[in-house]
Amino acid sequence: MKRILSGIQPSGKLTLGNYLGALRNWVNIQNEYDCMFFVADLHSITVTQDPKTLNENIKRIIMQYIACGLDPNKSTIFIQSHVHEHAELGWILNNSTYMGELGRMTQYKDKSAKQQNIKVGLFDYPVLMAADILLYDADYVPVGEDQRQHLEMTKTIAKRFNAQYGETFKIPEPYILKEGAKIMSLQDPSKKMSKSDSNPNAYISLFDEKDVIIKKFRRAVTDSLNTVRYSDEQPGIKNLINIYSCITGKNIQEIETEFEGTGYGKFKDTVADSVANKILSIQEKYNQLNKPENENIIKEVYQKGCERASSIASNKLKHVYKSVGFVVD
Ligand code: TYM
C-alpha cells in the first residue's frame, strides 16, 4: 500500500480552507492508502503562541480530525512533538539545504515581511517539513496549493541527500486536487483564507455558528456585476463558486445555470447554507467527542498513533545516521 502523510498546524481554529484544501481529501483516501496524519505542533511555535491556547488547540485538532471523518482504525493519527525523530532528522537535513533556497520560499517572505525580529525557526521551517515527510517514506502528500513550494523543497533536499550519501529517501509527490486547493479570503479574494488572518470576517472557522457563517458570506467581497460567473474578473464570486462546488459536488456549469438571473444575495445565502450544514454536522460530532469521559479515548488515539509513527521513524533515522557515517551500534 502506498503511503500518505500530511499535517496541520495547531496555530488557531481550523478554517473552511483547511477543510476543503486538506482534511476533506484525507478522509476520502483513507481506504486506499496507508495514511499518517499528524498535528504539526513543532511548526506552530515558529510564530509566537500562548502556551495554554496552544495546548488546547493541539487536542482540539485531534478531535476535529476525527469529527471531520478520519478514522483512527484506518489512519495513524499522532502529534509531531511526540516523535522526537522529526526534530532530529530536521537537524541532519539542515546540512543538505542552502540558505538561499530557504530565503526564496514565498511563505517565509510573506511572514517575515510582517516582523522585525525573524526567528531562525521560521526560516528553517521547510527543512522540518521535509523531515516530517522523508521520515516515513511518504509516496504522496495531500495539501493545499500554498504548500506546493515547500514540497518542491522537500524533493530537492531528498535528491541532494541521496546523491551525497546514497539512496536513503523516497522522493514524495504532492497530491493536490484542483478543487478546493486554494480557498480565498472572503474579504480579499487575492489572499488565501487563513486561520491567522486578523479579520475574522475573512475566514470561516469550523467552530463558527450558523448565523455567523451566514453573516460572513453576506459580507463577502464581490463586485457590482451581479452575475454568477466563474471568471478571473470576478475573483470573489469565483471563490464562492469554488466553495459551493466543493461542498455540493456540483460542477461549475451546473452552478452557473442554477443561479442564472438571480442576484448575489440569493447566491451568497445558498452557499452559506450549504457550508453551514456541513460545518454543523462536523460540530455535532466534535461536541460528542469533546466530553470529559472521552478524554482517554482521544489520548489513546494519539498514543497509539505515536507508537506506530515512532517505530517507522526510528528505523528510518537509524538508516540516515548510518548513511551519514554516525556510529549507530
Ligand atoms: P497549515 O496548517 O497552514 O494548513 C493545513 C492544510 O490546509 C491547507 N490550506 C488550504 N487549502 C486550501 N485553501 C486554503 N485557504 C488553505 N489554507 C490552508 C494547507 O495547504 C495544508 O494542506 N506546513 C504545513 C503543515 C505541515 C505539513 C508537513 C503538511 C508541516 N509538515 C508535512 C504536509 C506534510 C502548514 O503550515 O499547513
Side-chain angles (χ1 to χ4, degrees), residues 3-27 29 35-47 49 54 57-58 60-61 64-65 68 78-81 83 86-87 89-90 93 105-108 110-111 121-122 124-155 157-158 172-197 202-206 238-239 242-243 245-247 309 313:
R3 183 169 291 154
I4 288 270
L5 176 126
S6 199
I8 295 183
Q9 290 193 65
S11 49
K13 296 193 174 131
L14 294 191
T15 68
L16 185 62
N18 296 131
Y19 178 68
L20 296 179
L23 257 168
R24 182 183 64 124
N25 304 326
W26 302 358
V27 172
I29 53 183
C35 288
M36 321 241 353
F37 299 118
F38 65 98
V39 182
D41 55 349
L42 294 176
H43 279 91
S44 69
I45 58 164
T46 55
V47 294
Q49 303 286 336
L54 177 62
N57 279 342
I58 293 169
R60 248 193 215 150
I61 291 198
Q64 283 184 307
Y65 278 1
C68 285
F78 65 103
I79 298 173
Q80 185 186 26
S81 64
V83 184
H86 288 248
L89 181 59
L93 297 181
M105 295 290 111
T106 52
Q107 207 165 77
Y108 167 73
D110 288 350
K111 286 193 178 174
L122 187 67
D124 200 27
Y125 176 114
V127 181
L128 181 60
M129 184 158 160
D132 300 337
I133 298 166
L134 300 177
L135 206 43
Y136 299 97
D137 284 324
D139 293 281
Y140 301 111
V141 184
V143 285
E145 189 59 48
D146 62 323
Q147 297 299 320
R148 190 186 288 278
Q149 197 186 29
H150 290 156
L151 294 185
E152 288 308 319
M153 188 74 239
T154 298
K155 288 169 73 169
I157 295 172
E173 288 301 328
Y175 182 104
I176 302 176
L177 298 184
K178 212 170 126 250
E179 305 80 29
K182 204 165 184 195
I183 302 298
M184 310 310 278
S185 154
L186 297 182
Q187 289 299 310
D188 176 359
S190 69
K191 272 185 4 192
K192 75 162 184 173
M193 182 181 282
S194 163
K195 52 186 174 280
S196 52
D197 202 306
Y203 61 86
I204 302 288
S205 151
L206 295 192
K238 186 176 172 188
N239 187 36
N242 263 331
I243 293 172
S245 168
C246 286
I247 296 276

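Remember, it's 1-based here, ligands and their atoms both numbered in the order they're listed.
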Taking everything shown except [X] itself, do over 12 heavy atoms lie less than 6.0 Å from its [atom1]?
{"X": "Leu177", "atom1": "CG", "result": "yes"}
{"X": "Lys13", "atom1": "NZ", "result": "no"}
{"X": "Lys155", "atom1": "NZ", "result": "yes"}

Any nitrogen or oxygen of [X], main chain or side chain, under 3.5 Å from a nitrogen or oxygen of ligand 1?
{"X": "Ile183", "value": "yes"}
{"X": "Gln107", "value": "no"}
{"X": "Gln9", "value": "yes"}
{"X": "Gly144", "value": "yes"}
{"X": "Pro142", "value": "no"}
{"X": "Asn18", "value": "yes"}

Is it the side chain, the backbone, both or neither of [X] that has a heavy atom closer than 4.0 Å to ligand 1?
{"X": "His43", "answer": "side chain"}
{"X": "Tyr136", "answer": "neither"}
{"X": "Leu23", "answer": "neither"}
{"X": "Lys195", "answer": "side chain"}
{"X": "Asp132", "answer": "side chain"}
{"X": "Ala181", "answer": "backbone"}
{"X": "Val143", "answer": "both"}

- Item | Side-chain donor/acceptor of Ser6 to backbone N/O of Pro142, under 3.5 Å |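 Yes, Ser6 side chain to Pro142 backbone: donor-acceptor pair under 3.5 Å.
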- Has the side chain of Arg24 got a donor or acceptor atom that lies under 3.5 Å from a matching backbone atom of Cys246?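 Answer holds: yes.
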Considering only the protein, which heavy-atom contact is closest to [atom], and what is its distance?
{"atom": "atom 25 (C) of ligand 1", "result": "Gly7 O, 3.6 Å"}
{"atom": "atom 20 (O) of ligand 1", "result": "Asp146 OD1, 2.4 Å"}
{"atom": "atom 37 (O) of ligand 1", "result": "Gln147 NE2, 3.7 Å"}
{"atom": "atom 11 (N) of ligand 1", "result": "Gly17 O, 3.2 Å"}

Sub-4.0 Å atoms of ligand 1 with respect to non-hydrogen atoms of [X]:
{"X": "Gly21", "value": "11 (N), 12 (C)"}
{"X": "Tyr125", "value": "23 (N), 24 (C), 35 (C), 36 (O)"}
{"X": "Met193", "value": "14 (C), 15 (N), 17 (N)"}
{"X": "Phe38", "value": "28 (C), 31 (N), 32 (C)"}
{"X": "Val141", "value": "33 (C), 34 (C)"}
{"X": "Ala22", "value": "6 (C), 7 (O), 22 (O)"}

Nearest 0.5 Å, what's the [atom1]-[atom2] distance between [X] and [Y]?
{"X": "Ile29", "Y": "Tyr175", "atom1": "CD1", "atom2": "OH", "value": "4.5 Å"}
{"X": "Ile133", "Y": "Leu128", "atom1": "CD1", "atom2": "CG", "value": "10.0 Å"}
{"X": "Asp132", "Y": "His150", "atom1": "CG", "atom2": "NE2", "value": "11.5 Å"}
{"X": "Met105", "Y": "Tyr125", "atom1": "CE", "atom2": "OH", "value": "12.0 Å"}

- Message: Centre-to-centre under 6.0 Å for Tyr136 and His86, is that the case here?
- Response: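 Yes, the ring centres sit under 6.0 Å apart.
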- Please say which of Asn25, Ile247, Thr15 ends up in a side-chain contact (heavy atoms from CB on, under 4.5 Å) with Leu20.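 Option passing the side-chain contact (heavy atoms from CB on, under 4.5 Å) with Leu20: Ile247.
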- Task: Check whether any side-chain heavy atom of Val39 sits under 4.5 Å from a side-chain heavy atom of Tyr65, and report yes or no.
- Result: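 Side-chain contact under 4.5 Å: yes.
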- Just wondering, do Lys238 and Pro189 contact through their side chains at under 4.5 Å, heavy atoms?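 When only atoms from C-beta onward are counted, Lys238 and Pro189 do not touch, as no gap falls below 4.5 Å.
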- Task: Heavy atoms only: give me the nearest Thr106-Gln149 pair and the separation to one decimal.
- Result: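 For Thr106 and Gln149, the tightest heavy-atom pair comes out as N-OE1, 2.7 Å.
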